[in-house]
Structure formats: structure tokens, C-alpha cells
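Take a look at the structure below.
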Amino acid sequence: MRCWRLSCAPRACDLPCDSPRSSLSGAVMRLSRYFLPILKENPKEAEIVSHRLMLRAGMIRQETAGIYAWLPLGLRVLNKVTGIIREEQNRAGAVELLMPTIQPADLWRESGRYDAYGKEMLRITDRHEREMLFGPTNEEMITEIFRGYVRSYKDLPLNLYHIQWKFRDEIRPRFGTMRSREFLMKDAYSFDLDKEGARHAYNAMFTAYLRTFARMGLKAVPMKADTGPIGGDLSHEFIILADTGESAVFCHSDYLSFDTPAADTDFGDRAGLQQLVDRWTSLYAATEEMHDEAGFAAVPEDRRLAARGIEVGHIFYFGTKYSEPMNAVVAGPDGQLRPVHMGSYGIGPSRLVAALIEANHDEAGIIWPDAVAPFNVAILDLKAGDSATAAACEDLYRQLSARGLDVLLDDRDERAGGKFATADLIGAPWQILVGPKGLANGQVELKRRATGERELVSPADAVARICG
RNA sequence: CGGGGCAUAGCGCAGUCUGGUAGCGCAUCUGCUUUGGGAGCAGAGGGUCGCAGGUUCAAAUCCUGCUGCCCCGACCA
């Protein structure tokens, strides 16, 4: 069984590992001392814009087909993305753990998937000739963990997740981290006594996903997905619309104006969540594979949206598919043992990073949504070596850092044009241009990357404007 | 896995057809000038031409085999 495509992330730390929050204690993130290997020219192997820009902006480096090293800038974005995912998973009641990348083959023999999975699974033999594999997903392992401890319905419901690297030996990896072989995935697994409980768990994840993508500045539309042998209506792909999307999608355009579920949503309110999910599944939305011409034709003509989309999440109820063969059972109130009903819920952070770029860029480079920007603000010292601009830049840096923002100071001995180009390429939402002429009048130039708007303001106003 | 293509300096490329001592642009280093949208001049460093065989007086160039990467397709619960 195959799930969400997505990709890779940093290990479990609650804050971005290289977060410049340490700047509070004095260190300044100077571009002259950073590692940002940007490329002026387009790498020939990169076809789609996100791949091209990730390479050009020094976010990733390909090590071999479908396998990438994440360079400092890319890692920052990945950490921002996983940070948001983590917060929303926790908010919805899921509990984080961390399972290994390498799994024993025997576990997969229990579910029957060791033979069923095929060549996509990377099989490994250790020094004792034991059969191992690099995990493409974790249903078996989480089920094994669950059955090792949980005995009673009183311990349900339970939803465990981790954010871990996966490997699927794709026939043809492509599009950079959009379709890589090694990829980071957040995969959550829910355990409930019955299908009704599982539906609630499903609804909670559904809601969490809407919030997760919205916080990243993305419009994600849940679309009905193939439920495979289980049947029913409990599988959705979360698709973001992008011209360069991999697949054709069809939906009612009203979805794009639906409100995001509130931060204080009560995830224990079964009826409330059901209502929310019902609303978000009330209109037509389907990917190519599930597309139904008649259903789409019933949508008012001016609301029919046919577009391209990128799958960034997938949620799935699969009942007792694993709990039964693997004997993950709990005692119900009546004392009877029964296999638990499970679901799994995936998001691919490493794919999301690419998807975010597909949805947010222009000719000059990336335009990061604030929530996932590697740096919120880039301060450009337009005259390196000038003590006045340097002092003004550092002062701005400290003020912005103190407000919790991630700031990059371009103090390189470069011409202004090169700094502008770099700043536009790496896509910090805000740029502050500090030059000697403006400074003589007590002014700096504040530029919004997304719109290109600029205005001359005092340094204090720049800070206020950004933090305001 | 089928089809196509590529492999020459860190990046992008020319040179290969027609064999004759390795080139260009960018990047890097030095100096001078320049300094608000990827600067100019002068100089310098950097390449077992993917690997292995073969042909030849001589191979980046021709032949054979291999490897890697890219694109299209199939694949992507």
C-alpha cells in the first residue's frame, strides 16, 4: 500500500535546529559567514521551477538520482514546515514519537506486504544476513508498537505520529524533492475501537490538515481519493493548485474561499468536527483518477474549476487491515478482544517545500510565505565597509531578532545589484535596504518581496511595519 | 523497464562530423578603477575531456564495453 508521496525532515527537535534565536545572545547571521551557495545560471537538469530555484538558491544539492542533501537555507524551510505540521498535529491530539528508518523484513511478512511491495522497497541485508529494509512507510511498525503495550479500550483513542525519512525506490525520480526517492514524511496512525471512533480520528486529522496548509499560505483542497480494497468514503488527498502541478484536478471553486478551521477548534467535539468535514466535502472535488464528468457537470458552470494540482497530503482509513493479521487487539467494555480500527495520515514536508515554491515565485526567484520563510527579513548593507550603514544594519538586526524574527544580514563586499538579486532569489518576505544616502536622511528602504512595493521609512518605522 | 539524450574547469557551454599539445562565458584569486538592480580593465590559478579496453605515429574526437545523470512514457495504495 502506498501513501503520501512527500518527503523528508529534520529530526525531532521542537525548534528549528539552526534557528538564529541564538541571536538573542549576540550572534548575528551574516551572509559573509553563512553557507549559501547560490547559482547565477540555471542548472541544466532542473526542468520545473521549484527544482531550479531550490538549486539556484542553494537549498539542496543532489547526491544521486532522487536523493538530496539539504543545505542550510533549505533546511531552514524544511524546519519551518515541520514545525507547523508538528504544532497542528499536537493541537489535534496526536502524539509524536520517532521510529527508525531501517525495519526488519519479518515485520512486513506479518502483514503480507514484504512480498507484495515490489521493487519500490529498498531491501538490505545486514552482516548476519538478516533481511532488513529501508522503510517506505510505517504501518507495520506502529502496529507492532501498539500491540506491545495497549490492551484496553480505555487507552483509546490514540494517534501516534512521527516525522522521519522514508525511501521508495521510484522507477524514475524527478522534479527535485517533489518526487524524490528519499523523502521526509510526517505519518500519523490512529487507533480506535470501532469505525465510528476511527471516523472521528479521521475528521480530526482532516481538520488539522486544513489548518496546516492554510498556515503555510496554501490553498489546499481535499479531494476524494481511491480507497482501495477498503471502500467507503474515508480517503482524501489534499491538493494545492499550481500551474505546474503533476495531475489534473477538478473542483468547485467555492472551496478556495472557505474559512480555515479556527485555532481553538474543539477536537473532542465529534459532531462539530463532522459538521466541518461535511462542509469541506460537500462540493465537487476530484483528481483525474476519481473524476466524474457527470458530477462535475452538476457544478454551476461559473464555479467549475479545472486546474493542475500537487498532492501534499493524504489521509486514509483502512480499518483492520493491519491490526487483524498482526493481532493488534484490545478488550472492549464487554471484555471481548477485537482488532483496532486504524487510519494513517501523511504529509510530505520535503515535497511541500517544492510545492510551496511552485505556488510562490516569480522570474526573480522565490517568494516565501511568511510562515515558512527561511529568513523573515533580509537586511542589505548596500555599502559594506561603511561604519554608518553597518551600525544601522546591526541595530535593525538586533531589534528584529529580539521580536523573534529570523533575520539575515547581507554584509558581503558585493555590489548593490548582486545583493538585490540574491535577496530576491532566496525570497525573504521583507527586505530592508540600508544605504549611505538614505541613512544620511535617517531613512532606509523597506521592500516587500511579494509585491515589490518599497517605501522610505525610518529604521524604527521599518521595524514597526514588519512586526506590526 | 521501453524510447531518446547527455557526460570537456565549481556552473553553463564550444571543440567531436573531418584525429594533430584544452577553449569561451560566469565563478574563484591579485591589483587598479567603480559603487542603489548580477561593474570595467589588467593579470593569475584551476581539467587523468565519466570509466575501461581497442585502432593509430598521434584520440576529447574513431571503435567496443561499462557507469552515471537527464528527458518522454509506463509507474506514483
Side-chain angles (χ1 to χ4, degrees), chain A residues 1-7 37-48 51-52 55-56 58 61-68 111-113 116-121 136-137 139 166 168-176 178-181 183 185 187 225-232 234-237 245-247 287-290 310-311 314-319 321-322 343-346 348 351 363-365 380-386 389 410 412-426 431-440 443-445 447 452 454 456:
Chain A
M1 142 167 202
R2 166 128 192 150
C3 312
W4 334 292
R5 258 284 1 135
L6 331 180
S7 300
I38 61 166
L39 306 175
K40 239 174 171 177
E41 295 178 81
N42 280 323
K44 64 171 178 180
E45 72 271 18
E47 282 289 305
I48 64 168
H51 190 193
R52 209 158 53 222
L55 289 167
R56 284 199 55 211
R61 177 178 178 82
Q62 177 169 322
E63 294 301 336
T64 185
I67 298 181
Y68 294 84
S111 68
R113 285 210 292 181
Y117 217 92
K119 290 191 165 180
E120 259 194 9
M121 178 186 282
T137 179
E139 280 83 4
K166 306 290 192 293
R168 289 179 191 164
D169 200 358
E170 296 283 346
I171 296 170
R172 181 152 93 87
R174 63 183 105 174
F175 304 146
M178 185 82 82
R179 181 86 184 275
S180 52
R181 294 196 292 172
F183 57 97
M185 185 160 85
D187 38 329
D226 187 4
T227 48
I230 307 297
L234 291 183
S235 179
H236 286 87
E237 293 178 357
E246 278 194 289
S247 48
T287 58
E288 209 163 7
E289 305 83 60
M290 299 292 289
I310 301 170
E311 180 189 346
H314 198 148
I315 59 177
F316 199 82
Y317 162 76
F318 49 74
K321 176 170 177 173
Y322 300 95
S344 62
Y345 314 90
R351 163 178 274 202
E363 304 70 34
L380 280 55
D381 183 344
L382 297 183
K383 191 172 174 66
D386 181 298
T389 57
D410 187 350
R412 294 172 305 162
D413 186 14
E414 281 280 321
R415 299 169 63 81
K419 297 194 179 196
F420 296 146
T422 298
D424 285 349
L425 176 62
I426 67 174
Q431 296 172 15
I432 304 177
L433 318 183
V434 183
K437 292 172 197 163
L439 212 51
Q443 290 183 312
V444 296
E445 194 167 349
K447 174 179 168 183
R454 316 151 174 220
L456 288 169

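Just the heavy atoms: all of them, side chains too, but no hydrogens, waters or symmetry mates, feed the values below. Each chain gets a letter, A, B and so on, in the order the sequences are listed, and its residues count up from 1.
Scored by the side-chain hydrogen bond (donor to acceptor under 3.5 Å, both in side chains) test, A:Glu414 finds no partners at all (sequence neighbours excluded). Legend: residues meeting salt bridge (charged side-chain N to carboxylate O under 4.0 Å, His left out) with A:Arg454, ordered by chain and number and at least two apart, are A:Glu445. Scored by the side-chain hydrogen bond (donor to acceptor under 3.5 Å, both in side chains) test, A:Glu41 finds no partners at all (sequence neighbours excluded). By the side chain to side chain contact (heavy atoms under 4.5 Å, CB included) test, A:Pro136 pairs with A:Trp108, A:Tyr117, A:Met121, A:Leu133, A:Arg168, sequence neighbours left out. For A:Lys447, the salt bridge (charged side-chain N to carboxylate O under 4.0 Å, His left out) partners two or more places apart in sequence, or in a different chain, are A:Asp424. Not a single side-chain hydrogen bond (donor to acceptor under 3.5 Å, both in side chains) links A:Glu237 to another residue, sequence neighbours left out. For A:Asp386, the side-chain hydrogen bond (donor to acceptor under 3.5 Å, both in side chains) test picks out no residue, with sequence neighbours left out.
Ionic pairing of A:Asp187 and A:Lys166 is present here: one or more N-O contacts between side-chain nitrogen and carboxylate oxygen are shorter than 4.0 angstrom. Remark: A:Arg351 engages A:Glu246 in a salt bridge, criterion side-chain N to carboxylate O under 4.0 Å.
Rounded to whole Å, the separation between the C1' atoms of B:rU16 and B:rU8 comes to 11 Å. Atom C1' of B:rG46 sits at a distance of 6 Å from the matching atom of B:rA9, rounded to the whole Å. Spacing of P atoms, B:rU30 relative to B:rC17, comes out at 41 Å, to the nearest Å. The P atoms of B:rG4 and B:rC76 are separated by 25 Å, rounded to the nearest whole Å. Spacing between B:rA39 and B:rA27 at atom C1', rounded to whole Å, works out to 15 Å. Separating the C1' atom of B:rU48 from that of B:rU35 is a span of 43 Å, rounded to the nearest Å. B:rC41 and B:rA60 have their C1' atoms separated by 33 Å, with the value rounded to a whole Å. A gap of 42 Å separates the C1' atoms of B:rC32 and B:rG50, to the nearest Å.
Atom pair A:Glu170:CD and B:rC72:P shows a separation of 14 Å (rounding to whole Å applied). The NZ atom of A:Lys419 sits 13 Å away from the P atom of B:rA39 (whole-angstrom rounding). Atom CD1 in A:Ile171 sits about 17 Å away from atom C1' in B:rC70, given to the nearest Å. Rounded to an integer number of Å, the gap from CD of A:Glu246 to P of B:rC71 is 12 Å. Atom pair A:Gln62:CD and B:rC11:C1' shows a separation of 15 Å (rounding to whole Å applied). What separates CD of A:Glu311 from P of B:rC76 is a distance of 12 Å, to the nearest Å. Taking atom CZ of residue A:Phe175 and atom C1' of nucleotide B:rC75, one finds them 13 Å apart after rounding to whole Å. Rounded to an integer number of Å, the gap from A:Arg181 CZ to B:rC70 C1' is 14 Å.
Partner assigned to B:rA39 is B:rU33, using Watson-Crick or G-U wobble distances below 3.5 angstrom. Using Watson-Crick or G-U wobble geometry with both donor-acceptor distances under 3.5 Å, B:rC26 finds its partner in B:rG10. Taking a pair to require two hydrogen-bonding distances under 3.5 Å in either a Watson-Crick or a G-U wobble arrangement, B:rA74 remains unpaired. The partner of B:rC49, taking Watson-Crick or G-U wobble pairs whose two distances both stay under 3.5 Å, does not exist in any strand shown. Remark: B:rC57 base-pairs with B:rG20. Criterion, Watson-Crick or G-U wobble with two distances under 3.5 Å.
As judged by a 4.0 angstrom heavy-atom cut-off over every strand, A:Ile38 is placed among the base-contacting residues.
Using modelled atom types and a 3.5 Å distance limit, the side chains of A:Thr137 and A:Glu139 yield a donor-acceptor pair.
The side chain of A:Arg179 has B:rC76 as its nearest neighbour among B:rC76, B:rC69, B:rC1. Checking B:rC71, B:rG38, B:rC75 against every side-chain atom of A:Arg56, the shortest atom distance belongs to B:rG38.
The residue among A:Leu425 and A:Ala65 whose nearest nucleotide of RNA chain B is located toward the 5' end is A:Leu425.
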Per-nt protein contacts along nucleotides 25-37 of chain B (heavy atom under 4.0 Å; B base, S backbone sugar-phosphate only, - none) come out as BSS------B-BB
Please lay out, stage by stage, how A:Val434 and A:Leu382 fare under the test side chain to side chain contact (heavy atoms under 4.5 Å, CB included). CA-CA 6 Å; A:Val434 183; A:Leu382 297 183; 5.8 Å; no
Just the atom pairs and distances: protein N or O near nucleotides 2-7 of chain B's N or O, under 3.5 Å.
residue, atom, partner, partner atom, Å
B:rC6, O2', A:Lys44, NZ, 3.2

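For A:Thr422 and B:rG38, the shortest distance from a side-chain N or O to OP1 or OP2 is not below 4.0 Å.
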